[in-house]
Q: 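First, the structure itself, so that you have it in front of you.
Because only heavy atoms are used, hydrogens play no part in the values below, and waters and symmetry mates are left out as well, while side chains stay in. Each ligand, and each atom within it, is numbered from 1 in the order the structure gives.
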Amino acid sequence: MYLKSIEIHGFKSFADKIKLDFKYGITGIVGPNGSGKSNVSDAVRWVLGEQSARQLRGASMQDVIFAGTEIRKPMGYAYVTITMDNTDHVLAADYDEVSVTRRVYRSGESDYLINGNPVRLRDINELFYDTGIGQDGYSIIGQGRIDQILSGKPEERRELFDEACGIVKYRKRKDTAAKKLESEKANLLRLTDILSEVEGRVGPLEKQAENAKIYLEKKEELKKLDINIFLAESERYESLLEENAGKYDNLMNDIDGVQRELNESHQKYTEAGEKIEELDIKIEDMRKEISDTTLKRGQIDSQIRVLTEQINSLTSSTNHFKKRSNEIQESLDSHDKELIKLNENKADIDKKIEELSGKGSGKSEELDAYDKKIEEA
Ligand code: ATP
């Protein structure tokens, strides 16, 4: 198993995408100070899951993304892939080549991939246990790290030797098992507490269990009795059912008859409804006619009243005129009588005038007087 290639894009000073291929043997990267040699080993450290910005010689994790230069804009993400040759299957993977990728965006979003499939950081750590390549491995030793290792605490040095001996995997497993054991111990303690608490309740629970047993026996007895009752009832209901079947048929026939009658009644009802509607229309017409006739009658009544009034007035005028005519006739009769009398008087007078004219014209004044009287009459 060996490092086959590194692909870097947007990581630290590598704005352009580069791919470094490593063949068998020793590869050296040379260049002037500050040209980015250490950035290559930082890229490897980072892709293996380094979480400390300080270890990557930065202040924050965002510092690994290309920050831009005077002539180049900053990048939005950093991307590193290392590809391991695994033909000897040192890595616990079925593939002859294993690539590990890490990507981070300025927004903080990040992901890990093994052979292009998204994985957790833990999966990458487990993949490299005991290969010397992990985060704490000895395969990446930075500037000044040898001094630090030699002068460091024995425990820190032990990490390195454990990794080299290939026992880190077992130590991690041991740690996990120890943690599990701790948690199981705590569970056991809790169970012991519960057990001692439960023990105090055993007596009453035994009594309850006895009661429950009696209850179950009684319940079983009740169940049997219920079944017997059910069977007896069932027989009774069966005979009732047979009896009722005949009644049911008769009732069904009756229902058919009633249904037929109902249909006929319904038909009649519909016809009656239609007739009622026709009659309603006629009644409405007649009502209209009656109202017209009533109106006309009112008009004629008022005409009759006017005419009666006129007749009464004419009758009273006729009576008045009759009375007046009678009065005038009576007056005429009386005048005729008076005229006759006056004519008789005149004749007498004429006679007397003749007598008197004979007697003398001296009597002319007397004559004039009589003439005057005649005129007045
Ligand atoms: P030395 O030999 O002195 O150790 P080196 O060749 O190892 O140097 P590095 O330390 O790998 O060089 O690279 C340092 C360079 O990387 C500096 O020029 C620095 O400006 C550049 N650099 C680091 N981080 C970024 C970043 N985020 N964006 C752009 N350039 C960066």
Q: Anything under 30° is parallel, anything over 60° is perpendicular, the rest tilted; go ahead and classify Tyr105 against Tyr77.
A: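 Aromatic pair Tyr105/Tyr77 classed tilted.
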
Q: In plain terms, say whether Lys341 and Glu338 are close enough for a salt bridge, that is, a side-chain N and a carboxylate O under 4.0 Å apart.
A: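 Judged by the 4.0 Å cut-off on N to carboxylate O distance, Lys341 and Glu338 do not form a salt bridge.
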
Q: List every atom of ligand 1 that sits less than 4.0 Å from any heavy atom of Lys37, numbering the atoms from 1 in the order shown and giving each element.
A: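 Those of ligand 1 that fall under 4.0 Å from Lys37 are 2 (O), 5 (P), 6 (O), 7 (O), 11 (O), 12 (O).
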
Q: Could you tell me which atoms of ligand 1, counted from 1 in the order shown, lie closer than 4.0 angstrom to a heavy atom of Gly36?
A: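 In order of number, 5 (P), 6 (O), 9 (P), 11 (O), 12 (O), 13 (O).
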
Q: Between Lys12 and Asp42, is a salt bridge (Lys or Arg N to Asp or Glu O under 4.0 Å) present by the stated rule, with each step listed?
A: CA-CA 9 Å; Lys12 289 205 171 185; Asp42 285 347; 2.9 Å; yes

Q: So, Arg120 and Asp123, do they make that salt bridge, N to O below 4.0 Å?
A: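 Yes, this pair counts.
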
Q: Considering all protein heavy atoms, does one lie under 4.0 Å from atom 20 (O) of ligand 1?
A: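 When distances to the protein are checked, atom 20 (O) of ligand 1 has no heavy atom within 4.0 Å.
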
Q: Could you list which atoms of ligand 1 come closer than 4.0 Å to a heavy atom of Arg57?
A: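 Near Arg57, meaning under 4.0 Å from one of its heavy atoms, ligand 1 has 9 (P), 10 (O), 11 (O).
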
Q: Are the side chains of Arg102 and Val80 in touch, meaning some heavy atoms are under 4.5 Å apart?
A: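 Contact flag for Arg102/Val80 side chains = no.
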
Q: Say whether Gly68, considering both its backbone and side-chain N or O atoms, lies within less than 3.5 Å of an N or O atom on ligand 1.
A: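 No, there is no polar N/O contact under 3.5 Å.
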
Q: Note the single closest protein heavy atom to atom 4 (O) of ligand 1, along with its residue, its atom name and the distance in Å.
A: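 The answer is Gln143 NE2, 3.2 Å.
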
Q: Select one of side chain, backbone, both or neither to describe which atoms of Thr69 lie under 4.0 Å from any atom of ligand 1, heavy atoms only.
A: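 No part of Thr69 comes within reach of ligand 1.
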
Q: With respect to Phe66, determine whether any N or O atom, backbone or side chain, lies less than 3.5 Å from an N or O atom of ligand 1.
A: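 Phe66 vs ligand 1: no N/O contact under 3.5 Å.
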
Q: Starting from atom 27 (N) of ligand 1, which protein heavy atom do you reach first, and at what distance in Å?
A: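 Checking every protein heavy atom, the shortest distance to atom 27 (N) of ligand 1 gives Asp63 O, 2.8 Å.
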
Q: Of all the heavy atoms in Ile65, does at least one lie under 4.0 Å from an atom in ligand 1?
A: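 Right, Ile65 reaches ligand 1.
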
Q: Within the structure, is a non-hydrogen atom of Pro32 found at a distance of less than 4.0 Å from ligand 1?
A: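 The answer is yes: ligand 1 sits under 4.0 Å from a heavy atom of Pro32.
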
Q: Taking the side chain as C-beta and beyond, is there a heavy-atom pair between Ile6 and Phe22 under 4.5 Å?
A: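 A side-chain contact exists here, since the closest heavy-atom pair is under 4.5 Å.
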
Q: Nearest non-hydrogen contact with atom 15 (C) of ligand 1 belongs to which option: Gly34, Ser38, Ser41?
A: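 Among Gly34, Ser38, Ser41, the closest heavy atom to atom 15 (C) of ligand 1 comes from Gly34.
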
Q: Might you point out which heavy atoms bring Arg72 and Ala15 nearest each other, and give the distance in Å?
A: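 Answer, listing the atom of Arg72 first, then Ala15: CZ-CB, 3.9 Å.
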
Q: Mark whether atom 29 (C) of ligand 1 lies under 4.0 angstrom from at least one protein heavy atom.
A: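 Under the 4.0 Å cut-off, atom 29 (C) of ligand 1 does have protein heavy-atom neighbours.
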
Q: Taking NZ, NE, NH1 and NH2 as the nitrogens, is one of them in Glu210 or Lys213 under 4.0 Å from a carboxylate oxygen of the other?
A: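 Judged by the 4.0 Å cut-off on N to carboxylate O distance, Glu210 and Lys213 do not form a salt bridge.
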
Q: Under 4.0 Å from a heavy atom of Ser35: which atoms of ligand 1 are those, numbered in the order shown and with their elements?
A: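 Once the distances to Ser35 are compared, the set is 5 (P), 6 (O), 12 (O).
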
Q: Regarding Thr81 and Thr101, do their side chains bring together a donor and an acceptor under 3.5 Å, going by distance alone?
A: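 Yes, because at least one side-chain N or O of Thr81 sits under 3.5 Å from a partner of the opposite role on Thr101.
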
Q: Just need the protein heavy atom nearest to atom 16 (O) of ligand 1, so name the residue and atom and give the distance.
A: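 Residue, atom and distance for the closest contact: Asn39 ND2, 3.1 Å.
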
Q: Closer than 4.0 angstrom, basic N to acidic O: yes or no for Glu126 and Arg122?
A: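 Salt bridge between Glu126 and Arg122, a charged N being under 4.0 Å from a carboxylate O: yes.
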
